[in-house]
Amino acid sequence: GIQVEQSPPDLILQEGANSTLRCNFSDSVNNLQWFHQNPWGQLINLFYIPSGTKQNGRLSATTVATERYSLLYISSSQTTDSGVYFCAVGNDMRFGAGTRLTVKP
Amino acid sequence: GAGVSQSPRYKVAKRGQDVALRCDPISGHVSLFWYQQALGQGPEFLTYFQNEAQLDKSGLPSDRFFAERPEGSVSTLKIQRTQQEDSAVYLCASSLIGTVDGYTFGSGTRLTVV
């Protein structure tokens, strides 16, 4: 099956800093999604982005399908951005292990 | 409904007991997924339905796990003879086919086997 690798596994930021999270995948896919899992465990859909670039406020994402990676950018981070960020790929949505983000005030 | 609804929110089962977990997808959503998330881990794929058809059950960890979606809407994940390693959060997600909006997750059922 498709292998999904996310990096870094852990990230600690000071409030206001920018960050880039990466998702590599082992095979071509026509589905890719980024999620944020908040401290209460709810998975929130951030972007459905099998290719191209999307932006939503302080968050943006880019997927380069031909090179099998996607990037999630968080600008001007806030404490509420803390949690785990997952990418999921493929029609059956296989998840990576996630990046745990902690934003300190 | 407005979102994906899962029940119960919490379930404590004695080892050996059977449990049934329910997922109510968003109305009209064709695709439905079940995941198992152990503490500190990412969600692990269990099974996938398109309408009432179970198209992929490769992630079910043993024959004690069974999922159904008989009318193509509500789905039930059943675990027979629960064991301690079954303790996890069970997540359900749904989507339209070919959606550009992605998949929506429920809040999950936290199963604890004692």
Side-chain angles (χ1 to χ4, degrees), chain A residues 1-10 21-27 29-54 56 59 61 63 65 70 72 83-102, chain B residues 2-6 8-11 23 25-26 29-51 53-60 67 87-112:
Chain A
I2 294 175
Q3 303 299 311
V4 184
E5 293 184 355
Q6 290 187 245
S7 59
D10 293 279
L21 282 58
R22 186 176 181 103
C23 172
N24 292 336
F25 42 96
S26 60
D27 203 350
V29 296
N30 55 11
N31 284 349
L32 188 144
Q33 196 161 355
W34 283 97
F35 293 92
H36 175 218
Q37 189 165 43
N38 65 23
W40 297 271
Q42 179 68 46
L43 278 160
I44 308 297
N45 175 8
L46 297 176
F47 295 104
Y48 179 80
I49 186 166
S51 64
T53 297
K54 290 185 177 179
N56 184 4
L59 272 60
T63 297
S70 183
L72 178 69
V84 184
Y85 290 81
F86 291 103
C87 69
V89 305
N91 290 333
D92 54 1
M93 281 218 297
R94 303 288 173 153
F95 277 72
T99 292
R100 180 172 299 278
L101 175 65
T102 303
Chain B
V4 178
S5 177
Q6 291 189 245
R9 188 75 174 89
Y10 302 93
K11 176 69 180 178
C23 173
I26 292 173
H29 276 196
V30 171
S31 299
L32 186 146
F33 300 81
W34 282 100
Y35 290 84
Q36 179 190 60
Q37 187 174 21
L39 191 64
Q41 305 293 317
E44 294 285 340
F45 171 82
L46 293 177
T47 187
Y48 161 59
F49 290 86
Q50 187 172 307
N51 294 308
Q54 190 174 19
L55 299 186
D56 188 343
K57 56 181 181 179
S58 61
L60 296 176
S87 296
V89 175
Y90 290 85
L91 294 161
C92 176
S94 71
S95 78
L96 296 168
I97 284 188
T99 181
V100 296
D101 296 323
Y103 302 80
T104 302
F105 274 84
S107 298
T109 294
R110 181 176 296 278
L111 173 66
T112 304

query = Can you name the closest pair of heavy atoms from B:S107 and A:Q42 and give their distance?
reply = OG-OE1, 2.8 Å

request  = Would you mind checking which part of B:L91 comes under 4.5 Å of any heavy atom in chain A, side chain (CB onward), backbone (N, CA, C, O), both or neither?
outcome  = side chain

message = How long is the straight-line distance from CZ of A:F95 back to OH of B:Y35, given to the nearest 0.5 Å?
response = 5.0 Å

inquiry  = Quick check on B:R110: does its CZ atom have over 12 non-hydrogen neighbours (other residues, nucleotides or ligands) under 6.0 Å away?
reply    = no

Distance in Å, B:F33 CZ paired with A:M93 CE, rounded so as to fall on 0.5 Å steps = 4.5 Å

remark   = Turns out that what part of A:F47 lies under 4.5 Å from chain B's heavy atoms comes down to neither

inquiry  = What part of A:Q6 gets within 4.5 angstrom of chain B, counting heavy atoms only: side chain, backbone, both, or neither?
reply    = neither

inquiry  = Please classify the contact between B:S31 and chain A as side chain, backbone, both or neither, with a heavy-atom cut-off of under 4.5 Å.
reply    = neither

inquiry  = If I compare all heavy atoms of B:G42 with all of A:F86, which pair ends up nearest, and what's the gap?
reply    = CA-CE2, 3.4 Å

request  = Using non-hydrogen atoms and a 4.5 Å limit, figure out which bit of B:E44 sits close to chain A: side chain, backbone, both or neither.
outcome  = neither

